[in-house]
Amino acid sequence: MKYLGIFYKPELFNKALSLKNLLLNEGYTVDYCESSERIKNNKVDLTIVLGGDGTFLKASHLVNNPLVGFKGGRLGFLSSYTIEEFDKFLKDLKNDNFVLDERTFLKVSELNAFCLNEVLLIKDPDQKMVDIKISFQDGELFFHADGIMLGTPTGSTGYSLSLGGPILLPNTKAFVITPVAPQFLASRSIVIPDNEKVNIEVDESVNLIIDGANFGKFSKVTVLKSKKKISILRPIDYDFTKSIKEKLGYGKKFL
Ligand SMILES: NC(=O)c1ccc[n+]([C@@H]2O[C@H](COP(=O)([O-])OP(=O)(O)OC[C@H]3O[C@@H](n4cnc5c(N)ncnc54)[C@H](O)[C@@H]3O)[C@@H](O)[C@H]2O)c1
Ligand SMILES: Nc1ncnc2c1ncn2[C@@H]1O[C@H](COP(=O)(O)OP(=O)(O)OP(=O)(O)O)[C@@H](O)[C@H]1O
C-alpha cells in the first residue's frame, strides 16, 4: 500500500499532521490529509481515520477503499489502533501484517443512502406511540412502539445493543430488527437473513436516522443490503471477541 489518505476529527489536526510527516519520511505518498467531505470517492490504497466511531462512520460513507481507524475519541469500538500506536501501525504497514475485516452496508432505497450501523425510524419525544408494520419475504410483523431499528452486524454493538439487541459476529449474514420502547414485554429483537428486502411502514411521519444522522420525516422506507462494502484493516492479532471484552466488558473472564 503506497498511496494513503488521512481523514481526521477536526480536534486531531496536529495528530494528523504528525502522522502525515511520519508517512512521508517512510516514503509513502499521502494524497490527502482532510477533515472535510472532500475525500469523497478518492482512489487511495488506504484511508487512515483519526477519531472515534463517529469519524469512522463518516469516512465509511465517503470512501470505498480499505479503512483503518485510530481511536481518538471515547470508545473507538471500530478502531484498530489507538492514537498512540503510529509506530506499531507503520511496522504492520511495512510488513503487510494485516487481516481484512469486510463489512456490509444497508441501503435506504428512497434516499440511496448507505449505513454501516443502523437505520432507525423514531418518533419525536412529544409524538404519541406509533403503529409500525414490517414486511419482508418471510411475512410481516406489527409493533406499537416509539420506533423501529434495522441494524447490521457492525451496528449490533452500537445503538442496537443499548436497546437490548443481540451481538452479531461481524461476518454474520443477518440483520437485526429491534423495536424501540415497544408496548408489551413480548417485543424483542428478531434476526433475519441479510438477503431480505425490508419494507417499513409507520402510521405517522417519524424521524429517519441513518448512522446517527437525521434525514427528516418519513412514514415508509425500504431497506436492503447494499452492494457497497468496506474492508477494515486489522492487525494480524486482532479478534472481535477481544474488542467486545475490552470495549464492552462482554464475555470477560473475571475470576
Ligand atoms: N444509546 C446509544 O447507545 C446510542 C444512541 C445514539 C447513537 N448511538 C450510536 O452512535 C452511532 C453514531 O456514532 P457517533 O459517534 O456519531 O454518535 P455518538 O457520539 O452519539 O456516539 C454514540 C456511541 O456509540 C458508539 N458506537 C457507534 N458505533 C458503534 C458500533 N458499531 N459499535 C459499538 N459502539 C458504537 C460510539 O463510540 C459512541 O460511544 C449510531 O450509528 C448509533 O449506533 C448509540
Ligand atoms: N471529520 C469530521 N468533520 C466533522 N465532524 C466530525 C468529524 N469527525 C467527527 N466529527 C464529529 O465529532 C463527533 C465526535 O466524533 P467521534 O464520534 O469520532 O468521537 P467520540 O464520540 O469522542 O468517540 P466515539 O464515537 O468512539 O465514542 C461526532 O458527532 C462526529 O460527527
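When a ligand or atom number is given, it counts from 1 through the structure's own listing order. This chain uses plain numbering: 1 for the first residue, then up along the sequence.
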If you count the atoms of ligand 2 from 1 in the order shown, which ones are under 4.0 Å from a heavy atom of Phe7?
1 (N)

I'd like to know if atom 24 (O) of ligand 1 has any protein heavy atom within a distance of less than 4.0 Å.
no

I'd like to know if the side chain of Asp211 reaches the main chain of Asn117, judged simply by a donor and an acceptor atom lying under 3.5 Å from each other, with no hydrogens or angles considered.
yes

Nearest-neighbour protein heavy atom for atom 17 (O) of ligand 2, which is reported as residue plus atom name and distance
Gly54 N, 3.0 Å

For Leu75, the ligand 1 atoms with a heavy-atom partner under 4.0 Å come out as 34 (N), 37 (O), 39 (O)

Closest non-hydrogen protein atom to atom 27 (O) of ligand 2, residue and atom name please, with distance?
Leu75 N, 3.1 Å

Do the charged groups of Asp101 and Arg234 touch, with an N to O distance under 4.0 Å?
yes

Please indicate whether any nitrogen or oxygen in Gly54 is less than 3.5 Å from any nitrogen or oxygen in ligand 1.
yes

Would you mind listing which atoms of ligand 1 come within a distance below 4.0 Å of any non-hydrogen atom of Ser162?
1 (N), 2 (C), 3 (O)

Minimum-distance protein heavy atom relative to atom 23 (O) of ligand 2:
Arg74 N, 3.2 Å

Of Lys9, Glu37, Lys58, Lys71, the one whose closest heavy atom lies nearest atom 5 (N) of ligand 2 is Lys58

Pair Thr178, Ser189: side-chain N/O donor-acceptor within cut-off below 3.5 Å:
yes

List the closest protein heavy-atom neighbour of atom 3 (N) of ligand 2: residue, atom name, distance to the nearest 0.1 Å.
Ser35 O, 3.3 Å

Check Asp92 with Lys88, please: is the shortest side-chain N to carboxylate O separation under 4.0 Å?
yes

Close-contact set for ligand 2 against Gly76 heavy atoms, below 4.0 Å
26 (O)

Centroid separation Phe86 to Phe70 less than 6.0 Å:
yes

Heavy-atom pairs closer than 4.0 Å: do any link ligand 1 to the side chain of Leu57, the backbone, both, or neither?
side chain

Check: Phe77 N/O within less than 3.5 Å of ligand 2 N/O:
no

Test item: side-chain donor near acceptor, Asn65 and Asn42, under 3.5 Å:
yes

Using a 4.0 Å heavy-atom cut-off, which part of Pro10 comes near ligand 2: side chain, backbone, both, or neither?
side chain

Tell me: protein heavy atom nearest atom 8 (N) of ligand 2, and distance?
Thr55 OG1, 3.0 Å

List every atom of ligand 1 that sits less than 4.0 Å from any heavy atom of Leu78, numbering the atoms from 1 in the order shown and giving each element.
31 (N)

Residue part near ligand 1, for Phe77, under 4.0 Å between non-hydrogen atoms:
side chain

Could you see which bit of Arg74 sits under 4.0 Å from ligand 1, with heavy atoms only: side chain, backbone, both or neither?
side chain

Just need the protein heavy atom nearest to atom 25 (O) of ligand 2, so name the residue and atom and give the distance.
Asp53 N, 3.2 Å

Per-residue contact class, Asn117 against ligand 1 - non-hydrogen pairs under 4.0 Å
side chain

Structural part of Tyr8 in contact with ligand 2, heavy atom criterion under 4.0 angstrom:
backbone

Quick one: does ligand 1 sit under 4.0 Å from the side chain of Leu248, the backbone, both or neither, non-hydrogen atoms only?
neither

Check this for me, if you would: do Lys133 and Asp203 make a salt bridge, where the nitrogen-to-carboxylate-oxygen distance has to be below 4.0 angstrom?
no

